[in-house]
Amino acid sequence: MVKKRIKPLLAALVALFFATFMAGTSVDAASKPNYVISTDATYAPFDFQDKNNQYVGIDMDILKEVAKRNNFTYTLKPMSFNAAAQMVANGQADGIIAGMMINDSRKEVYDVSTPYYQSGVAWITKPNSSIKSLDDLKGKTVALKTGTAAANYGASLKDKYGFKVKYFNDTDTMYNDVVNGNTAATFEDYPVIQYAIKNGVKLQVRNPKDLGNAGGVGFFVKKGENAQLLSQFNTTLAAMKKDGTYDKIINKYLNASQSTFVGSEKDNKTTWGILKSNQHAFWEGLLQTAILTIAGIVLASLWGLLLGIMGISEWKFLRGLSTTIIYAFRGLPLMVLAFFIYIGLPGVIGMKIPAFTAGLLTLILNEGAYTGAFVRGGFESVDVGQMEAARSLGLTHRQAIWKVIVPQGLKITVPSFVNQFIITLKDTSILSAIGILELTQTGTLIVARNSQGFRVWAIIAAIYLIVITLLTWFSNWLKKKIA
C-alpha cells in the first residue's frame, strides 16, 4: 500500500522537474543560432541595469552590435563574476563578457578575443584618509573583489607593502567597507571606480596617472570551443572601430551624465524615490521569491514527508537511507549545494541546468532534509501504544503507519511546516549567487546602478520583514487552532 502511494508521488516529482527543465532549455532549432552569454551585471560602466531595469553598459552594447551584424541571438545570464566565469569553463555558457581582464592564467582556460578596452588598476581610499601611498598600507587591511584582475594585482602587492586582504563577492559591499573605515583601501579597474565616484561613492583614486597592471579587457569562450563566435566578435569589433560605432559606445557610458542611466536625483537620494522609481523591479523580485518559496516548500514538504515515512519504515535499509540523505543535505551549506547543482553537475552529466531548476532543486534537497527530520520526529513522538493498538485490531504495519501514525504525526508537525516556510523564504536570497533574479538579486542590481546601498537594502529588509511578519502571525494562529 505504501508503494502504491509513493509511486504516483515520485512520478509527479519527475514530471515536474522534466517540465521545468524543458521550459528553461527549449530553443527553436529552426531560428537563428542562439548563444548563452554570462556576465556580472553589477560592474558599471561595463555591465549594469539602467533605470528601466534593462541590461546596459559597454559590454552589453558591443555584444548587441556583434549579434545584430552576425545574425545570431543570445541568452544573457547575469550572476556573480566567479559563477559567470565558471559557467563558461564548465560548458554551461558559450561565452562571458564582464569587463574581464586578459592575462596568461585565463588564456590557459579560455580562448580570448582581441582587447576591446584598455584599462588599468587604481588603488582607492576615502578622500580624507591619512594613507597617501602604498607604503602607508603596512599593517592595514585592503578590500578586494574575488576573481577579478584588480584583486589579483592587489594580492600580488600585499607582501611587498605588508598589508592584509579581505575578499568580497560584490563591488558595492567592497566599496562601502572602505567608505565605512572597516578596510583602509581597495583595488579596482579604473573605469569602474570612475563611474562609481561620479555616481556618488565617496572614494578617491590615489594613482590616476600611474595605473597598475595595465592591460586589455576581452570576450572569453571555453578553450577549443566556439571558434566561430570568437571570430565573429573579433571581426565585428574591428569593423565597429573603423566605422565609429565603438567610439560612440565608449563615449555613451564614460562621458554621459549619470542621470541618463540612474535617473534623477529625487529618484535616488530618498528612500521613497528609490521605492517609487523601482517599484516594478521590486515587485518582480518579490514575485520570483514567492514562486521559488511556494514551489520549494510544496515539493520539499512532499520529499520530506517521504523521508520521514522512510525513517520509520519496518525495513532497516529504508531507515538507513533516510538518515543518510537527511544527514548529507542538512550538512551542506545552501550556497555550496546551489553551485554544485548549477555549475558543477552539468560538467558531469553533460546537460545544461536552467538557473530556476537548479535553485528549486537546491531548495527541495536542503529544505526537504530539514522537513524530513522534523516529520520523522513527529511520527516517532506518537505514543507507541497507538501502533500496538492498531496491530491488535488486525492492521498490518503499513496500514498502521498510514492510517494511525501518519495522521497524528502530521498534526504535531504542522507548526513546523509553517516555520520551514519562513526559513525557505529567507533561503531564496542565497540563490541570487547563481543569477536568479529574486528580491535580493534585484537589490544588488539597483545598488550597482545608483550606489545607494543603505536605502536599497533598507527597502529590501522591510519587504522581507513584512512578509515574514504576516507568515509568523499565520503560524501563531495555526498553532492556536491546532491546540
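Below, each value reflects all heavy atoms present in this structure, side chains not excepted, and no hydrogens, waters or symmetry copies.
Using a distance-only test at 3.5 Å, with no hydrogens or angles considered, a donor-acceptor pair links the side chain of Ser38 to the main chain of Ala84. Between the side chain of Glu438 and the backbone N or O of Gln441 there is at least one donor-acceptor pair closer than 3.5 Å. Checking side-chain atoms of Asp111 against main-chain N and O of Val221 turns up no donor-acceptor pair under 3.5 Å. Proximity of a side-chain donor or acceptor of Thr75 to a complementary backbone N or O of Val36 within less than 3.5 Å is not detected. Using a distance-only test at 3.5 Å, with no hydrogens or angles considered, no donor-acceptor pair links the side chain of Asn366 to the main chain of Thr362. Under the 3.5 Å distance criterion, the side-chain polar atoms of Lys223 are matched with a main-chain donor or acceptor of Lys107. Distance alone, capped at 3.5 Å, is enough to place a donor-acceptor pair between the Ser277 side chain and the Gly273 backbone. Put simply, the side chain of Ser156 gets close to the backbone of Tyr153: a donor and an acceptor are under 3.5 Å apart. Tyr246 places a side-chain N or O within 3.5 Å of a backbone atom of Tyr116 that can act as its donor or acceptor partner. In this structure, the side chain of Asn70 does not engage the main chain of Phe72 through any donor-acceptor pair within 3.5 Å.
A distance of 8.5 Å separates CD1 in Ile37 from OH in Tyr74, rounded to the nearest 0.5 Å. Separating the CD atom in Gln86 from the OH atom in Tyr342 is a distance of 11.5 Å, to the nearest 0.5 Å. Between the CG atom of Leu292 and the CD1 atom of Ile297 there is a distance of 12.5 Å, given to the nearest 0.5 Å. Expressed to the nearest 0.5 Å, how far CD1 of Ile96 lies from CZ of Arg106 amounts to 8.0 Å.
A donor-acceptor contact closer than 3.5 angstrom is absent between the side chains of Thr42 and Asp170. Looking at Tyr35 and Asn226, their side chains never bring a donor and an acceptor atom within 3.5 Å of each other. If you check the side chains of Ser80 and Asn82, you find no donor sitting under 3.5 Å from an acceptor. Counting only N and O atoms by type, the side chains of Asn180 and Asn176 include no donor and acceptor under 3.5 Å apart.
Each of Thr171, Thr148, Asp59, Asp189 was checked for a side chain to side chain donor-acceptor pair (under 3.5 Å) with Tyr43, and the lone residue meeting it is Asp189.
By the 6.0 Å and 45° rule, Lys140 does not stack over the aromatic ring of Phe163.
Ring geometry for Phe220 versus Tyr110: interplanar angle over 60°, hence perpendicular rather than tilted (30 to 60°). The aromatic rings of Phe233 and Phe219 sit parallel, their planes meeting at an angle under 30°, below the 60° perpendicular limit.
For the pair Leu157/Trp123, no side-chain contact is recorded, criterion being any heavy-atom separation below 4.5 Å from C-beta on.
The minimum heavy-atom distance between Lys145 and Asn169, with the atom names listed, is CE-O, 3.7 Å.
The pair Lys252-Asp50 fails the salt-bridge criterion, with no side-chain N (NZ, NE, NH1 or NH2) lying under 4.0 Å from an Asp/Glu carboxylate O.
For Lys132, the NZ atom sits in a packed shell: over 12 heavy atoms of surrounding residues, nucleotides or ligands are nearer than 6.0 Å.
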